[in-house]
Amino acid sequence: ADQVEQPREDRLAPARAVHRPVRANAATALGARMVAAFAARNADALATLTADAFETMHHPTGAVYDRDGFLASIRSFFRAQGGTFLITPLATLGDSLALFHQSVSGSGFAGRTFDVGAYETESLALMEVDARGQYYRGDIFAADRLGDARVRLYERYADLLPDGPAHARAAATARSVAALVGSFDPDRYATAFAPGIESVDHRILGTWSAHGAEALLQHYRAGLEVADDIVIREHEVLSLQPDAFLVRQFTTTDMTPAQI
């Protein structure tokens with residue numbers, strides 16, 4: 001029988017733009033207005049929606065763009081033939097933060113010195129609005145970096161809260177979320193586990209149920225005894241709130257991938 005090659009860490013599918021109910025807030029309202037302005041090819045409307053102090057970071061390259069750079073990219077986009085801009089909300093926190101799956105495509109672009117053929121790009125966009133509902137701050141991540149984008153969402157949520165117990169709890173939550181994303185590292189995971197953590201494995205023949213941090217960490221450490229190359233990659237946000245989240249993950253080893 002033919003064998004189908006299983007996806008490895010660098011070939012996993014990007015985060016899926018699944019239409020799940022997401023709590024609406026000012027950031028999702030901004031996203032809807034931006035999609036309408038792009039569809040109408042209305043650069044003036046997009047300029048109105050963008051705050052004077054706007055700044056966005058493109059994490060794949062480390063580039064930072066201000067309002068002028070952002071609006072210049074929009075004008076370039078409108079010169080493309082058949083350009084489309086679509087976003088799907090994945091999660092929100094508070095009233096000013098939303099994480100989106102973003103798709104940008106065009107059928108071609110003819111410039112003075114060169115031509116560009118058809119293109120389509122997917123990414124993850126964290127949008128933050130100010131008190132006026134304008135696009136104030138953004139973070140763009142590669143489409144397969146959902147974990148990193150979710151960490152940033154929690155970090156920004158904590159940053160926006162005033163000093164006090166709620167801020168301290170949110171900051172601690174952001175640190176714990178960050179500890180669980182990235183390379184497979186049980187020692188790093190340990191910094192995020194409460195001593196009395198409960199792990200319940202609902203899968204058929206599931207073996208990862210455990211009571212207490214040390215018991216759960218033993219499961220992770222046992223994985224390193226049978227595989228050297230373990231990668232856990234987030235694929236989909238199912239639900240998210242300030243103190244809890246539900247995500248679909250893929251665990252890939254040098255043997256075979258498993259969905260959890």
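These numbers come from a predicted model, not from an experiment. Excluded from the calculations below are hydrogen atoms, water molecules and symmetry mates; all remaining heavy atoms, backbone and side chain alike, are included.
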Could you tell me whether the side chain of E55 reaches within less than 4.5 Å of the side chain of R67, counting heavy atoms only? no
Below 4.5 Å, heavy atoms only, C-beta onward: do L49 and F54 meet side chain to side chain? no
Is a side-chain donor or acceptor of [X] paired with a backbone partner of [Y] at a separation under 3.5 angstrom?
X	Y	answer
D139	A149	no
R188	V181	yes
H211	S199	no
R33	L46	no
S176	A172	yes
R221	P186	no
T48	D44	yes
S123	I140	no
D201	T207	yes

How far does [atom1] of [X] sit from [atom2] of [Y], to the nearest 0.5 angstrom?
X	Y	atom1	atom2	answer
F193	L217	CZ	CG	5.5 Å
F245	L180	CZ	CG	6.0 Å
Y154	D159	OH	CG	14.5 Å
L30	M127	CG	CE	6.5 Å
T50	D68	OG1	CG	10.5 Å
S105	F85	OG	CZ	11.0 Å

For the pair L90 and L124, evaluate side-chain contact (heavy atoms from CB on, under 4.5 Å) and give the outcome as yes or no after the intermediate values. CA-CA 9 Å; L90 303 177; L124 299 169; 3.8 Å; yes
Less than 6.0 Å separating the ring centroids of Y220 and Y189?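 Yes, close enough.
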Is R169 atom CZ crowded by more than 12 heavy atoms from other residues, nucleotides or ligands, each under 6.0 Å away? no
Same cluster or not: are [X] and [Y] linked, directly or through other Ile, Leu, Val, Met, Phe, Trp or Tyr residues, by side-chain heavy atoms under 4.5 angstrom apart?
X	Y	answer
L99	Y136	no
L71	V35	yes
Y135	F78	yes

The single option from T92, L240, T88 passing side-chain contact (heavy atoms from CB on, under 4.5 Å) against V22: T92
Begin with the C-alpha distance, continue with both residues' side-chain angles, and end with the deciding distance and a verdict on side-chain contact (heavy atoms from CB on, under 4.5 Å) for R145 and H59. CA-CA 10 Å; R145 293 294 178 179; H59 288 266; over 6 Å; no
Residue list, side chain to side chain donor-acceptor pair (under 3.5 Å) with T61, at least two apart or on another chain: H58
Cation-aromatic face contact R152/F141, 6.0 Å, 45 degrees: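 No cation-pi geometry.
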